[in-house]
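Structure first, then comments.
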Amino acid sequence: MSDFSQAVYAMVRRVPPGRVVSYGDVAALLGRPRAARGVGWALSALGEEHDVPWWRVIGGRGEITLRSPDVSPALQRALLEAEGVEFDAAGRVDWAKVRWDGES
DNA sequence: GGCTTGACGCTTA
DNA sequence: GTAAGCGCCAAGC
C-alpha cells in the first residue's frame, strides 16, 4: 500500500458523519489538487477489511459517481441518507451544506 | 522505463 | 444545460 493511498484512507476516516467530500477535495487536502483520479483509484482498491467511510466521497458536483460493480450508487445514497445527508430530485446532495472542508 | 486503465475535473463547443 | 475533449495522478503489467 503506497503512502498516497494510506493518506487517502486516513483523510476519508477524518470525514465526520453527515458530511461529504469530493475526490478533488481529498486530493487537494493531500497536496495533490489534480489527483482526483488517484483518490478514486485508492478507494477502488479498498478491500473488505477497512474502516474507511468511502461512501462520504462523491463527485465534484455533489453527485454520486461510481464505477465499481460491487457497490451500487443506491447503496451509497442510502448510507449517506442514513447519516442525514439529503438528496434532491437530481440525485445530488446539498453540496454547499454537507461539504467537508477538512475541519473536524 | 513506458503503456494502459480508472470511484475525476476543468475547459470549450 | 448538455456533450465531447484534454489533463491530471496513482497502480498494474
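All chains are named by letter (A, B, ...) in the order of the sequence lines, taking the proteins before the strands, and each is independently numbered beginning at 1. Since this is a predicted model, take the numbers as computed values, not measurements. Side chains are part of it too, since the values below use all heavy atoms of this structure and drop only hydrogens, waters and symmetry mates.
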task = Start with the C-alpha gap between A/Lys97 and A/Glu86, add the side-chain angles, then the distance that decides, and say whether salt bridge (Lys or Arg N to Asp or Glu O under 4.0 Å) holds.
result = CA-CA 10 Å; A/Lys97 184 177 181 179; A/Glu86 297 179 7; 5.6 Å; no
key: Single-linkage hydrophobic cluster, 4.5 Å side-chain cutoff, A/Trp41 and A/Val21 together   = no
task = Just compare C/dC9, B/dA7, B/dG9 and give me whichever is closest to any side-chain atom of A/Ala35.
result = C/dC9
ask   = Above 12 or not: heavy atoms from other molecules or residues under 6.0 Å from CZ of A/Arg61?
value = no
query = Considering only side-chain heavy atoms of A/Phe4, which listed nucleotide, C/dA10, B/dG9, B/dG6, is closest?
reply = C/dA10
note = Against the side chain of A/Trp41, the closest entry in C/dA10, C/dC9, B/dG9 is C/dA10
Separation of A/His50 NE2 from A/Arg13 CZ (nearest 0.5 Å) = 10.0 Å
query = Counting only heavy atoms not in A/Asp101, do more than 12 fall under 6.0 Å of its CG?
reply = yes
So which protein N/O to nucleotides 2-6 of chain C N/O distances come out below 3.5 Å?
none

message = Measuring to OP1 and OP2 of C/dC8, would you say a side-chain N or O of A/Arg32 lies under 4.0 angstrom away?
response = no
message = Nearest to the A/Arg34 side chain among C/dA10, C/dC8, B/dA7, which nucleotide is it?
response = C/dC8
inquiry  = At 4.0 Å (heavy atoms only), tell me whether A/Thr65 reaches a base, stays on the sugar-phosphate, or touches nothing.
reply    = sugar-phosphate
